[in-house]
Amino acid sequence: MNVIYPGSFDPITLGHVDIVERVASIYPKLTVLIANSDQKNYWFTAEERKQLVAEAVGHIKDVTVDTFDGLTVEYARRHNTRVIIRGLRAISDFELEMSVANINRTLYPEIETLILLAAPEFTFYSSRLVKEVAQFGGDLKTFVSKNVSDAIQKKIKRGSK
Ligand code: ADP
């Protein structure tokens with residue numbers, strides 16, 4: 001069965017890549033699902049995020065990348081999927097992950113949310129912090145893949161961030 005890993009991925013970090021690698025080693029197929037919500041102020045468009053994710057996980061077999069601007073459970077239903085993957089870095093992630101999982105279960109009772117604990121070396125990696133470090137000129141190579149680091153630098157140089 002195909003499983004989905006939904007998120008903003010604005011942009012994808014090496015912490016996300018680690019989750020994709022681990023899930024891909026358990027399940028035969030994984031779709032990274034890029035959320036496109038009007039309510040969030042993304043740095044990168046859904047298409048840019050899709051491209052960056054595709055490049056960052058290009059070395060992992062049987063992973064596809066897709067975008068969706070509706071509810072994750074709607075996507076899951078349409079694609080006959082019952083498993084949503086999420087990651088947990090610290091207790092601060094817990095409340096949000098629990099409410100989202102419970103809302104999704106209410107909307108689609110057959111859905112299961114599987115939560116993977118972040119590997120210790122990635123617990124403090126987040127898209128938000130990566131963008132903050134970038135704005136202050138910090139080196140990004142420990143946190144993101146080269147294509148992502150290049151895309152961030154380009155955005156900052158152009159003055160659009
Ligand atoms: P969202 O905006 O939906 O939370 P994110 O792109 O920030 O999307 O994250 C997607 C999922 O990946 C979330 O479940 C988040 O907790 C998890 N995640 C984010 N960073 C890491 C990391 N460094 N290690 C493990 N999981 C992570």
Side-chain angles (χ1 to χ4, degrees), residues 2-27 30-57 59-60 63-76 79 81-108 111-135 138-149 151-152 155 161:
N2 191 16
V3 302
I4 51 185
Y5 178 28
S8 306
F9 303 101
D10 186 41
I12 183 165
T13 71
L14 294 179
H16 294 125
V17 174
D18 182 61
I19 296 284
V20 174
E21 282 172 351
R22 288 160 58 196
V23 172
S25 74
I26 303 172
Y27 285 99
L30 164 71
T31 299
V32 180
L33 187 63
I34 318 274
N36 201 14
S37 152
D38 287 346
Q39 286 154 28
K40 288 199 181 173
N41 199 3
Y42 301 111
W43 267 38
F44 294 95
T45 66
E47 276 313 308
E48 286 172 329
R49 284 179 281 143
K50 183 177 175 187
Q51 168 85 23
L52 293 175
V53 171
E55 290 163 357
V57 302
H59 60 290
I60 312 167
V63 177
T64 53
V65 191
D66 206 353
T67 59
F68 192 58
D69 55 13
L71 291 170
T72 303
V73 285
E74 199 41 52
Y75 184 94
H79 290 80
T81 298
R82 289 187 46 219
V83 180
I84 290 175
I85 305 290
R86 294 286 287 177
L88 198 73
R89 286 161 291 190
I91 195 75
S92 48
D93 281 341
F94 182 76
E95 254 180 77
L96 174 74
E97 294 301 340
M98 196 170 85
S99 358
V100 174
N102 281 328
I103 287 174
N104 284 341
R105 183 206 288 269
T106 308
L107 295 170
Y108 182 12
I111 205 82
E112 290 293 351
T113 300
L114 301 186
I115 301 205
L116 271 76
L117 297 183
E121 62 270 42
F122 300 122
T123 47
F124 62 96
Y125 285 29
S126 74
S127 304
R128 186 177 60 82
L129 285 178
V130 163
K131 288 179 281 197
E132 239 171 86
V133 169
Q135 277 176 322
D139 187 353
L140 298 179
K141 72 170 177 295
T142 323
F143 310 114
V144 294
S145 47
K146 173 139 191 343
N147 65 314
V148 173
S149 163
I152 294 176
K155 208 148 259 232
K161 286 295 163 194

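Only a predicted model underlies this, so the values are computations on that prediction, with no experimental measurement involved. Note that ligands are numbered from 1 as they come in the structure, with each ligand's atoms numbered from 1 the same way.
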When you look at CG of Asn41, are more than 12 heavy atoms from neighbouring residues, nucleotides or ligands closer to it than 6.0 Å?
no

Could you pull out the closest heavy-atom pair between Ile85 and Leu116, with the gap in Å?
CG2-CD1, 4.1 Å

What I want to know is whether His16 and ligand 1 share at least one N or O pair that is separated by under 3.5 angstrom.
yes

Has Lys50 got a side-chain atom pairing as donor or acceptor with Thr67's backbone, closer than 3.5 angstrom?
no

At what distance is the nearest protein heavy atom to atom 15 (C) of ligand 1, and which residue and atom is it?
Gly87 O, 3.6 Å

Those atoms of ligand 1 less than 4.0 Å from some heavy atom in Lys40
2 (O)

Any N/O of Asp10 closer than 3.5 Å to an N/O of ligand 1?
no

Between Gln51 and Glu55, is the side chain to side chain donor-acceptor pair (under 3.5 Å) condition met? List the steps.
CA-CA 6 Å; Gln51 168 85 23; Glu55 290 163 357; 2.6 Å; yes

So does Asp10 get a backbone contact from the side chain of Arg49, meaning a donor-acceptor N/O pair under 3.5 Å?
no

Sub-4.0 Å atoms of ligand 1 with respect to non-hydrogen atoms of Phe9
6 (O)

Say whether Gly7, considering both its backbone and side-chain N or O atoms, lies within less than 3.5 Å of an N or O atom on ligand 1.
no

Look only at the side chain of Arg89 and the backbone of Tyr125, and say whether a donor-acceptor pair between them is shorter than 3.5 Å.
yes

With no hydrogens and no angle check, is any side-chain donor or acceptor of Asp93 less than 3.5 Å from a backbone partner on Leu88?
no

Show me which atoms of ligand 1 lie under 4.0 Å from any heavy atom of Ala118.
24 (N), 25 (C)

Identify the two heavy atoms, one from Ile4 and one from Leu30, that lie closest to each other, and give their separation to 0.1 Å.
C-CD1, 4.3 Å

Students should be able to answer this: which protein heavy-atom is nearest to atom 8 (O) of ligand 1, and at what distance?
Ser8 N, 3.0 Å

What do we get for Ile19 next to ligand 1 when only non-hydrogen atoms under 4.0 Å count, side chain, backbone, both or neither?
side chain

Contact (N/O only, under 3.5 Å) between Ser127 and ligand 1:
no

Counting heavy atoms not belonging to Arg22, are there more than 12 under 6.0 Å from its CZ?
yes

Less than 4.0 Å is my threshold; does some heavy atom of Tyr5 fall inside it relative to ligand 1?
yes

Atom 4 (O) of ligand 1: which protein heavy atom is closest, and how many Å away?
Arg86 NH2, 3.3 Å

Out of curiosity, is Glu97 lining ligand 1, as in a heavy atom under 4.0 Å away?
yes

My understanding is that we take every heavy atom of each candidate and find the minimum distance to atom 27 (C) of ligand 1. Doing that for Arg89, Glu121, Arg22, which one comes out nearest?
Arg89

Just need the protein heavy atom nearest to atom 23 (N) of ligand 1, so name the residue and atom and give the distance.
Phe122 O, 2.9 Å

Backbone or side chain, does any N or O of Pro6 fall under 3.5 Å from an N or O of ligand 1?
no

Parallel, tilted or perpendicular: which one describes the rings of Tyr5 and Phe9, with boundaries at 30° and 60°?
perpendicular

